[in-house]
There are 2 protein chains.
Amino acid sequence: MQTRLKNRKEQIVSLALELLKSKGFENFSYQDLAKELGITKASIHHHFPKKADLGVALCAAIQEWHKRAFAKITLADNSAMDKLEAYINGLLGFACGQSKVCPLSSLQADVASLPEEMKKALKKLDEHELTFIADILEQGRANNELMFKGSAQHQALLFVLTCKGALQYSRVHGGSIIDDAIAQTKAQLLG
Amino acid sequence: MQTRLKNRKEQIVSLALELLKSKGFENFSYQDLAKELGITKASIHHHFPKKADLGVALCAAIQEWHKRAFAKITLADNSAMDKLEAYINGLLGFACGQSKVCPLSSLQADVASLPEEMKKALKKLDEHELTFIADILEQGRANNELMFKGSAQHQALLFVLTCKGALQYSRVHGGSIIDDAIAQTKAQLLG
DNA sequence: GTCTATAAATGGATAGAC
DNA sequence: GTCTATCCATTTATAGAC
C-alpha cells in the first residue's frame, strides 16, 4: 500500500509506465504527463531533464517490477503450470480490457528511435524474462509435468512470444484472442 | 519488373511502407518521405492530403501484397510445411538484417492513435492472414504431415504470433533468435 | 519543487504560383 | 505535379523567478 504515498518522481514514472503500455515511448509527451498530474512540463523536466532520462527510469522501474513478481512466483511452492499462470496473470493484470501491452513490447516497437542506453536495458530485461520462464519450463519437464522438445530456452521464447503477441492482437481483435492463444499453448505443454 | 516504372504515388506508398516497417506509422513524417524522394512535403500532400489517406493506401498495399503472396503459396503444389516455410520467407524477405518488422505488427503497436478506417483495415488483414495459415495447418493435419491439438485457427494464431514476435525480438537480440523460434515451432508441428 | 515564459525544432496541413 | 511560402499546433528543452 506504500504505492499511495509516492513522491512526485515516482508518480511521474508510474504514470509514464501506463502511457508507455498504451501509447508507446515516442507517442506520449511531457504534456500528457503534466496534464494528468496537474503540474507543468517544466516540473517534469526538473525531475527528468531529458526524455531519455525518463526512459532509463522506466526501464529501471520495469526491472524492479520483474524482480518482485518473479521472486514471488519462484518462492510459491506451486507446480510449473501454476507458475506459468501466475506469470500470465501478472502480464494481464495491467492490460486486460485496457488496451495495454507489455511495456517491453512497446519499447521493442520503438527500438529504432530509442537512445542507446534504453536499448541495452531493454535487451537485459528481455533476457532476464526469458531465463525466468526457461527455468520454470525446465523444472516442469523434470517433474514430468510438462512436455516439450528441444531446449527450455527455445520453448520459453515461444511461450513469451505467444503471451505478448496475444496482448498486442487483443487491442485489435478483443480479449478472447488472448484466451485462445493461452489455452492452445497450455494444451501443447501438457502433451 | 514493373516495380522500376512506378509513378510518384506508388513511389510514395512504397517508401512509406518501408518506413512503416522500420519506424511505425506515427514515427515517420511527410518530411522523411520528401527528403528521401527529393521532393517537397507539399507534393506528398498533393497525392495524400492527410496522413490518414496515406495510411489507408498503405493498408491497401499490404492487402495487395498478401493477395499475391498467398495466391502464389496456395497454388504451389507443395507440402504444408513447404507452404509455411514460404510464408516465413515472405515475412523475412523484407525484414532480415534490416531491423524491420511485419507492417501489421507496426500498425498494431500504434493502434491507439490510428484513424478508425485504418483499424478496420488492420483487423481484416490480420483475419485474412490467420485464416490463410489455418487452412494450411488443417491441410497438413489431414495429410498426417503435421500434428497439433485443438482447432487449426488457434494453432494458426500461435504460429503467426511466433513468427512476428520473433521479428520484433530480432531487432534487439539479433537474427539468430528468429532461427531459434522457427526451429522450435517446426519441431512442434512435426510431432 | 514548482511556476512563467520562451526558445527552437518538428509535424501536419493549406494557398496559390508555375 | 511540383514548388514556395506560410500557418498552427505540438514537442522537447532551457532560463530564471518564487
Side-chain angles (χ1 to χ4, degrees), chain A residues 4-59 61 106-107 109-119, chain B residues 4-59 61 106-107 109-119:
Chain A
R4 289 198 179 274
L5 302 164
K6 281 183 295 204
N7 63 29
R8 188 107 289 175
K9 204 164 182 176
E10 287 167 340
Q11 278 178 23
I12 294 168
V13 170
S14 176
L15 175 57
L17 193 53
E18 295 310 304
L19 292 174
L20 173 64
K21 290 185 285 188
S22 53
K23 306 178 64 176
F25 186 71
E26 298 294 333
N27 288 315
F28 75 81
S29 66
Y30 274 37
Q31 206 171 20
D32 296 330
L33 295 168
K35 197 174 291 178
E36 178 85 16
L37 292 173
I39 55 178
T40 61
K41 289 192 290 174
S43 289
I44 302 181
H45 278 287
H46 167 74
H47 295 285
F48 303 100
K50 318 241 166 187
K51 203 179 178 188
D53 299 322
L54 176 55
V56 169
L58 280 172
C59 291
S106 283
L107 291 173
D110 281 345
V111 76
S113 42
L114 292 184
E116 201 56 40
E117 213 174 343
M118 289 181 70
K119 283 189 208 170
Chain B
R4 289 198 179 274
L5 302 163
K6 281 184 294 205
N7 61 30
R8 190 108 284 179
K9 203 164 182 177
E10 287 167 339
Q11 277 178 24
I12 294 168
V13 171
S14 175
L15 175 58
L17 192 54
E18 295 310 303
L19 292 174
L20 172 64
K21 290 185 285 187
S22 53
K23 306 178 65 177
F25 187 71
E26 299 294 334
N27 289 315
F28 76 81
S29 66
Y30 273 37
Q31 209 170 19
D32 295 330
L33 295 167
K35 198 174 291 177
E36 178 85 16
L37 292 173
I39 56 179
T40 60
K41 286 196 292 175
S43 288
I44 302 181
H45 279 287
H46 167 74
H47 295 284
F48 302 100
K50 318 243 166 184
K51 203 180 178 189
D53 300 322
L54 176 56
V56 169
L58 280 173
C59 291
S106 282
L107 291 172
D110 281 345
V111 76
S113 42
L114 292 185
E116 202 55 41
E117 213 174 342
M118 289 181 70
K119 283 189 208 171

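Values in this document were obtained by computation on a predicted structure and should not be read as measured data. First the proteins, then the strands, lettered A, B, ... as listed; each starts at 1. Atom set for the values below is all heavy atoms of this structure, side chains included, hydrogens, waters and symmetry mates excluded.
One can place CG of A:Asp53 at 13 Å from P of D:dT12, the figure rounded to the nearest angstrom. With rounding to whole Å, B:Asn7 atom CG is found 7 Å from D:dG1 atom P. In this structure, A:His47 places its NE2 atom 10 Å from P of C:dC3, rounding to the nearest Å. Between the C1' atom of C:dG11 and the CG atom of B:Leu19 lies a distance of 15 Å, rounded to the nearest Å. Here the P atom of nucleotide D:dT12 and the CG atom of A:Leu114 are 14 Å apart, to the nearest Å. The CZ atom of B:Phe48 sits 15 Å away from the C1' atom of D:dT2 (whole-angstrom rounding). Distance, A:Leu37 CG to C:dC3 C1': 15 Å, rounded to whole Å. Distance CG (A:Asn27) to P (C:dG11): 12 Å, rounded to an integer number of Å.
Annotation: side chain of A:Cys59 is in contact with side chain of A:Leu107 (closest heavy-atom distance under 4.5 Å).
When each of B:Lys41 and B:Arg8 is assigned the nucleotide of DNA chain D with its nearest heavy atom, B:Arg8 is the one assigned upstream, toward the 5' end. Each of B:Ile39 and A:Asp32 lies near DNA chain D, and the nucleotide nearest B:Ile39 is the one positioned closer to the 5' end.
With C:dG1, D:dT12, D:dA15 as the choices, the nucleotide that has an atom nearest any side-chain atom of A:His45 turns out to be D:dT12. Distances were taken from every side-chain heavy atom of B:Thr40 (C-beta onward) to each of D:dT12, C:dC3, D:dC3; the shortest belongs to D:dC3.
Between A:His46 and C:dC3 there is no side-chain N or O to OP1 or OP2 distance below 4.0 Å. Within the structure, a side-chain polar atom (N or O) of B:Gln31 is placed less than 4.0 Å from OP1 or OP2 of C:dG11. Listed pair A:Lys50 / D:dT14 meets the phosphate criterion, a side-chain N or O lying under 4.0 Å from OP1 or OP2. Contact between the side-chain N/O atoms of B:Ser43 and the OP1/OP2 oxygens of D:dC3 is found at a separation under 4.0 Å. For A:Ser29 and D:dT11, the shortest distance from a side-chain N or O to OP1 or OP2 is below 4.0 Å.
Atom CD of B:Gln11 has more than 12 neighbouring heavy atoms from other residues, nucleotides or ligands inside a 6.0 Å radius.
Pairs passing the ring pair (Phe, Tyr, Trp, His ring centres under 6.0 Å) check and including a residue from residues 7-44 of chain A, sequence neighbours excluded, read A:Phe25-A:Phe28, A:Tyr30-A:His45.
In this structure, A:Phe28 reaches the sugar-phosphate backbone alone: every heavy-atom distance under 4.0 Å involves primed, P, OP1 or OP2 atoms, never a base.
With hydrogens and angles disregarded, a donor-acceptor distance shorter than 3.5 Å links the side chain of B:Ser22 to the backbone of B:Glu18.
Scanning both residues, B:Leu58 and B:Leu17, for their nearest heavy atoms gives CD2-N, 3.6 Å.
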